[in-house]
Amino acid sequence: MTGSGFADGATVQFKEDLAGGVGVRSPTLIKALVPRRTLFESSTVDVTVTVGVATTPTGSADEFTYTR
């Protein structure tokens, strides 16, 4: 994912599910493993990144769609 202000210790959430394998590559690039969903239908969720006490805002640019 791209953005700004990423730092070591960042967490990534897909809706309420924490992503695994989070790695900050640079202040503008972060990687994360998408958590599995137990739902059997497609769904779109917000993705947020938290660094310290700051969490990215949600909006259409941060959405991820799980497909069946």
Between Ser43 (side chain only) and Tyr66 (backbone N and O only), is there a donor and an acceptor less than 3.5 Å apart? no
Report all side-chain donor-acceptor pairs from residues 14-30 shorter than 3.5 Å, counting only partners two or more places apart or in another chain.
{"from": "Asp17", "atom 1": "OD2", "to": "Arg37", "atom 2": "NH1", "distance (Å)": "3.1"}
{"from": "Ser26", "atom 1": "OG", "to": "Thr28", "atom 2": "N", "distance (Å)": "3.2"}
{"from": "Ser26", "atom 1": "OG", "to": "Thr28", "atom 2": "OG1", "distance (Å)": "3.2"}
{"from": "Ser26", "atom 1": "OG", "to": "Leu29", "atom 2": "N", "distance (Å)": "3.2"}

Identify, with sequence neighbours excluded, every residue that meets side-chain contact (heavy atoms from CB on, under 4.5 Å) alongside Ser4. none
Which heavy atom in Gly5 sits nearest to a heavy atom in Val51, and how many Å separate them? O-CG2, 3.9 Å
Going hydrophobic residue to hydrophobic residue with side-chain gaps under 4.5 angstrom, can you get from Leu33 over to Met1? no
Scan residues 45-55 for pairs that pass side chain to side chain donor-acceptor pair (under 3.5 Å), counting only residues two or more places apart or in two chains. Thr50-Thr55
Measure across Asp62 and Pro57 and return the closest heavy-atom pair with its distance rounded to 0.1 Å. OD2-O, 3.3 Å
Hey, what else clusters with Val53 if you join Ile, Leu, Val, Met, Phe, Trp, Tyr whenever side-chain heavy atoms sit under 4.5 Å? none
Side chain to side chain donor-acceptor pair (under 3.5 Å) against Thr44, all qualifying residues, sequence neighbours excluded: Thr65
Residues two or more places apart in sequence or in another chain: which of them pass side chain to side chain donor-acceptor pair (under 3.5 Å) with Thr58? none
Pairs where residues 42-63 contributes a residue and the test ring-ring contact (aromatic ring centres under 6.0 Å, His included) is met, not counting sequence neighbours: none
